[in-house]
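Values reported hereafter were calculated over all heavy atoms of this structure, with side chains retained and with hydrogens, waters and symmetry mates removed.
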Amino acid sequence: MDTRAEYKNLTKAERHQQILLELRLAPHVRISDLAETFSVTTETVRRDIADLATRGLLQKSHGGASPRAPGTHRVLDERQREHVSERRQLAQVAVTTVDNGQSIMIDAGATTMEFARALALSGKTVTAITNSLQVAMILGTAPDINVIMTPGQYLNDEAALVGTETCQFLRQYHVDACYLGASGLDVSGVSETIQSFSAIKQTMLEQSSARRFLIDSSKFGTRHLALVAGIGDVGILISDTMPTDDLAATLQNKRVTVLTNRVLGRSKTEAPLNL
């Protein structure tokens, strides 16, 4: 890579974005080349790469980094220890969108587990259908929450049930809203690293009158193997902070409501789901 003036004085987030862009164009990037391009030290680039590797967005390799292999993912136990504050913030916001007496669907994941914890403590009366063993166990501690578990093939690393039987079971129900996590969100839409999760999420979307995606800001601008929903089909995005740049503009153009603990998105419109 040649050093370019526009790459100087980039913020940390901008460097991260540029590193991921370089990895879309090449199978490997070198720390020394990136340091020269950004006009920073090699130690700064090493920290950037370490941060991105921790978030599962690339793989560290000798002297640099490589793209993360398609379909690879960190298991639930590992993800639970990351971005805890962000997920707790958005979980508190998500609970405010649940009304007493509603029926909801909740899928599996570290973020939806935080939502389940907040919901269990809220005192609200709901019926919750889930494919997550962990979510079911958390909600089961609340006396006013009726929990329905799906059948299916059990994924031990994710404590989740998936497969054709799971989707068929979900299609027996129509609920007021679904609350779904995701591996990534960019201008193209919501994506997942686990392909079998994508089918579950799409089925829950189909069976729900309203759609809520719980996605923390560390996943903004990332894209993974399986597309779950186009950007216009998100309904409501609940996060710890507002998106910025192209993602923010695209969400606004598609009339997607964004909720955080500080800001309410302008649009209240939820367009019909087109999957």
Side-chain angles (χ1 to χ4, degrees), residues 76 90-91 93-155 158-183 189-192 194-215 226-230 232-238 256-257 259 269-275:
L76 180 62
L90 70 85
V93 177
V95 166
T96 67
T97 69
V98 181
D99 295 328
N100 275 318
Q102 282 194 323
S103 57
I104 61 177
M105 290 182 178
I106 308 173
D107 77 330
T111 304
T112 50
M113 284 174 61
E114 289 296 341
F115 168 62
R117 290 188 182 97
L119 184 58
L121 294 171
S122 71
K124 294 184 178 181
T125 301
V126 298
T127 295
I129 303 169
T130 184
N131 70 317
S132 166
L133 180 62
Q134 298 279 23
V135 167
M137 292 174 65
I138 293 167
L139 294 178
T141 64
D144 295 324
I145 298 180
N146 178 36
V147 182
I148 300 174
M149 276 288 299
T150 71
Q153 179 183 356
Y154 183 65
L155 296 181
E158 298 297 322
L161 294 152
V162 297
T164 302
E165 188 178 5
T166 310
C167 293
Q168 289 175 343
F169 181 85
L170 291 170
R171 291 191 182 100
Q172 298 179 62
Y173 297 91
H174 291 281
V175 298
D176 295 304
C178 61
Y179 291 82
L180 311 178
S183 299
V190 179
S191 57
E192 256 299 332
I194 308 173
Q195 197 159 6
S196 57
F197 273 11
S198 180
I200 301 300
K201 294 176 193 293
Q202 289 176 346
T203 303
M204 288 184 172
L205 289 166
E206 292 167 359
Q207 302 306 116
S208 303
S209 297
R211 309 173 302 283
R212 323 284 196 225
F213 277 98
L214 315 183
I215 304 175
L227 180 67
V228 174
D233 297 323
V234 169
I236 290 181
L237 169 64
I238 302 173
V256 174
T257 298
L259 299 180
T269 302
E270 290 191 42
L273 183 67
N274 297 309
L275 290 177

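Lys201 places no side-chain N or O within 3.5 Å of a backbone atom of Ser191 that could act as its donor or acceptor partner. Between the side chain of Asn131 and the main chain of Val162, no donor-acceptor pair closer than 3.5 Å is present. Side chain of Lys124 to main chain of Val98: a donor-acceptor pair is present (N/O by atom type, distance under 3.5 Å, no hydrogens or angles). Side-chain N or O atoms of Thr130 include one that pairs as donor or acceptor with a backbone N or O of Ile106 at under 3.5 Å. Remark: the backbone N or O of Leu227 is paired with a side-chain donor or acceptor of Gln202 at under 3.5 angstrom. For Glu192 (side chain) and Ser198 (main-chain N/O), no donor-acceptor pair under 3.5 Å exists by modelled atom type.
Nearest approach of Ala199 to Cys167, heavy atoms of both residues: O-SG, 3.8 Å. The two residues Val190 and Ala182 make their nearest non-hydrogen contact at CG1-CB, 3.3 Å. Across every non-hydrogen atom of Val95 and Ser122, the tightest pair is CG1-CB, 3.8 Å. Closest heavy-atom contact between Ala116 and Val135: CB-CG1, 4.0 Å. Closest heavy-atom contact between Cys178 and Ser208: CB-OG, 3.2 Å. Shown here for Ile215 and Leu90, the closest heavy-atom pair between the two residues is C-CD2, 3.9 Å.
To the nearest 0.5 Å, atom CD1 of residue Ile200 and atom OG1 of residue Thr166 are 4.5 Å apart. The line from OG1 of Thr125 to CG of Asn100 is 5.0 Å long, rounded to the nearest 0.5 Å. The structure places CE of Met105 at 11.0 Å from CG of Asp107, a figure rounded to the nearest 0.5 Å. Distance check, rounded to the nearest 0.5 Å: OG1 of Thr112 to CD1 of Ile138 gives 8.5 Å. If you take CE on Met113 and CG on Leu139, they are separated by 10.5 Å, rounding to the nearest 0.5 Å. Interatomic distance, CZ of Phe197 versus CE of Met204, reported as 10.0 Å (0.5 Å rounding).
Residues Phe213 and Val228 form a side-chain contact, since some pair of their non-hydrogen atoms from C-beta on lies under 4.5 Å apart. Side-chain contact between Leu119 and Ile145 is present, with heavy atoms from C-beta onward closer than 4.5 Å. In this structure, Phe169 and Ile148 have side chains that are in contact, with non-hydrogen atoms separated by less than 4.5 Å.
Shown here is Met137, whose CE atom has no more than 12 heavy atoms of other residues, nucleotides or ligands within 6.0 Å.
With Arg211 as reference, Leu205 is the one residue of Leu205, Ile236, Val256 to meet the side chain to side chain contact (heavy atoms under 4.5 Å, CB included) rule.
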